[in-house]
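To start, the structure under review is shown below, and the notes come after it.
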Amino acid sequence: MKPRTELFILALGLILVCPAVSRYDPNWKSLDSRPLPQWYDDAKFGIFLHWGVYSVPSYLGAWFWEEWQESHNKDIIEFMRKNYRPDFTYADFAADFTAEFYNPDQWADIFKAAGARYVVLTSKHHEGFCNWPSKVSFNWNSMDVGPKRDLVGDLAAALRKKSIHVGLYHSLFEFFHPLFLQDQANNFATQDFVRSKTLPELYELVNWYKPDVIWSDGDWMVQDTYWNSTHFLAWLYNDSPVKDTVVTNDRWGNTTTCLHGGFLTCTDRYTPKVLVKRKFENANTMDKYYWAYRRDITLSDVHTMDELTEMLITTVSCGGNLLLNVGPTKDGRIVPIFEERLRQMGQWLGVNGEAIYETKPWRYQNDTYNPYVWYTSKKSTNGTTVYALLLEWPDNDLLLQSPQTTSNTKVTLLGYNGDLKWKAKSPTGMVINIPTIPFNKMPSQWAWTFKLENLLNQ
Ligand SMILES: *[C@@H]1O[C@H](CO)[C@@H](O)[C@H](O)[C@H]1NC(C)=O
Ligand SMILES: *[C@@H]1O[C@H](CO)[C@@H](O)[C@H](O)[C@H]1NC(C)=O
Ligand SMILES: *[C@@H]1O[C@H](CO)[C@@H](O)[C@H](O)[C@H]1NC(C)=O
Ligand SMILES: *[C@@H]1O[C@H](CO)[C@@H](O)[C@H](O)[C@H]1NC(C)=O
């Protein structure tokens with residue numbers, strides 16, 4: 001072959017082999033075709049933080065302002081009457097959002113110890129207060145009033161030092177912004193609020209803080225076309241500084257949730273308990289009822305470790321990630337009960353993380369016989385390893401219906417030395433002999449992982 005011909009064939013080959021650099025168009029078909037960056041599916045567990053001016057009254061949650069002024073919640077009206085002077089406004093709370101004990105390195109240390117691979121902070125909730133010095137939120141941001149500090153930037157830096165992915169929640173709408181109310185009065189035929197507030201904020205957040213998650217919310221009153229969502233996302237995926245790493249959720253307009261976007265969040269505390277074909281996230285709360293910290297929380301309002309490990313296991317086994325929310329206090333603390341639960345989650349993951357991180361759903365999610373068993377799996381060169389995660393410690397034998405054994409099947413318990421004895425069960429399944437383990441030698445306290453290798457071609 002003459003060199004010229006070779007070059008020609010090489011050039012032709014390159015044209016045929018290399019796909020055109022993919023650009024996304026501002027429509028859902030194109031945007032939905034973007035593969036989700038792998039880090040997110042591998043991560044499985046993140047922490048959600050709801051922190052804002054509502055953390056000052058710290059009573060009845062992040063909707064305090066709306067419930068007081070719009071829904072006329074009797075408890076809030078009474079609370080204000082009893083505790084504040086008559087002309088006190090919601091904006092007056094901001095000065096007391098002091099954050100004097102905010103130590104982002106200490107937070108990052110807790111989140112790392114919890115085994116979280118990403119953290120999502122409310123950059124701005126529906127009240128409109130920006131936790132960063134936004135140029136489009138004069139006098140209603142954490143640098144101008146309250147903390148006098150860039151809460152977002154300081155947390156992002158601390159998380160990155162610990163290799164935790166940085167995520168930012170952002171509310172598209174605001175309860176009482178005059179421009180939003182004006183657009184709404186025009187039946188959303190005008191987009192003044194979006195043009196001068198929502199979009200500039202999103203561009204600031206992406207360009208300044210380079211988040212790996214944009215967790216959008218506050219979309220539900222109006223279509224995605226009003227929010228210009230597909231245009232923003234096309235820029236985010238094509239040209240933004242995080243185009244290769246960023247993941248987004250599905251809350252981009254009143255017909256997108258649970259259908260379009262990056263991962264699906266569907267409803268708050270989405271817990272399908274069956275396999276979901278697309279990647280989803282269960283955004284759930286450590287406080288059973290509220291997202292923001294509230295001073296009247298009681299011990300029984302806090303999910304137990306049994307409940308939290310079950311939440312994580314059932315979510316991951318169905319293909320989801322768990323984003324577990326804790327609300328910091330107005331002075332910048334993660335209260336000890338939340339810190340303890342987070343550190344215990346990390347202890348549990350220290351032993352059982354192999355069955356959580358980087359796993360895939362198995363062909364069965366829960367055992368057909370034993371309702372306390374949920375499965376995950378991992379492929380390697382040796383075949384598929386199946387993890388049976390158990391929510392209740394069995395008395396003597398553990399009967400599993402779903403796994404099909406071979407003569408080479410090997411059963412171990414994560415955190416425990418040695419192979420476990422087992423027998424095949426006919427026509428399908430297996431019985432694992434549970435060893436007697438002294439209480440102080442138990443590998444974990446809240447749920448246990450049986451690792452099954454060399455099963456029948458599953
Ligand atoms: C929506 O995005 C497009 C493309 O970037 C832009 O031309 C248009 O002005 C945007 N609309 C608003 C309201 O910002
Ligand atoms: C979405 O919002 C628009 C504007 O408020 C409304 O006209 C439309 O009916 C809503 N659609 C759904 C499915 O809620
Ligand atoms: C578990 O598996 C059984 C049998 O396949 C099924 O009927 C049940 O709905 C599943 N889900 C839960 C949450 O138990
Ligand atoms: C595959 O099996 C061999 C022999 O049991 C083991 O040493 C090796 O770690 C396994 N590899 C993986 C990726 O699990």
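All ligand and atom numbering here is 1-based and tracks the order in the structure. The structure displayed is predicted, hence computed values, not measured ones.
- Under 4.0 Å is where a charged nitrogen must lie from a carboxylate oxygen, and between Arg251 and Asp268 at least one such pair does.
- Per-residue contacts place Val222 under 4.0 angstrom from the following atoms of ligand 2 (heavy atoms of the residue considered): 2 (O).
- Taking the ring centroids of His126 and Trp220, they lie under the 6.0 Å cut-off.
- Protein heavy atom nearest atom 14 (O) of ligand 1, with residue, atom name and distance: Leu199 CD1, 3.3 Å.
- Ligand 2 has no nitrogen or oxygen under 3.5 angstrom from a nitrogen or oxygen of Phe188.
- Ring centroids of Trp448 and Tyr416 are separated by 6.0 Å or more, keeping the two rings apart.
- In this structure, Phe173 and Phe175 have perpendicular ring planes: the angle between them is above 60°, well past the 30° mark.
- Residues Thr256 and Trp252 approach most closely at OG1-N, 3.0 Å, considering heavy atoms.
- Looking only at protein heavy atoms, the nearest one to atom 7 (O) of ligand 2 is Gln223 NE2, 4.6 Å.
- Within the listing of ligand 1, atoms 13 (C) sit less than 4.0 angstrom from a heavy atom of Arg195.
- Using a cut-off of 4.0 Å between Lys/Arg side-chain N and Asp/Glu carboxylate O, Arg117 and Glu358 are scored as salt-bridged.
- For atom 5 (O) of ligand 3, the closest non-hydrogen atom of the protein is Thr368 CG2, 3.4 Å.
- Counting only heavy atoms of the protein, atom 4 (C) of ligand 1 lies nearest to His231 ND1, 3.4 Å.
- Looking at ligand 3, you won't find any N or O of Lys273 less than 3.5 Å from one of its N or O atoms.
- Under the 4.0 Å distance rule, the nearest protein heavy atom to atom 2 (O) of ligand 1 falls inside the cut-off.
- For atom 12 (C) of ligand 3, the nearest protein heavy atom (residue, atom name, distance) is Asn366 ND2, 3.2 Å.
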Open item on the list: side-chain contact (heavy atoms from CB on, under 4.5 Å), that's the test. Do Trp227 and Phe232 meet it? Break it down for me.
Closed with: CA-CA 9 Å; Trp227 299 117; Phe232 169 72; over 6 Å; no

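- Using a 4.0 Å cut-off between a side-chain N of Lys or Arg and a carboxylate O of Asp or Glu, Asp41 and Lys279 qualify as a salt bridge.
- Regarding atom 8 (C) of ligand 2, its nearest protein heavy-atom neighbour is Asn254 ND2, 3.7 Å.
- Ring to ring, Trp65 and Phe176 are close: their centroids are under 6.0 angstrom apart.
- Looking only at heavy atoms of the protein, atom 13 (C) of ligand 2 is closest to Thr255 CG2, 3.8 Å.
- Near Gln191, with a cut-off below 4.0 Å to any heavy atom, the atoms of ligand 1 are 13 (C).
- Comparing Val194, Asp192, Asn228 against atom 11 (N) of ligand 1, the shortest heavy-atom distance belongs to Asn228.
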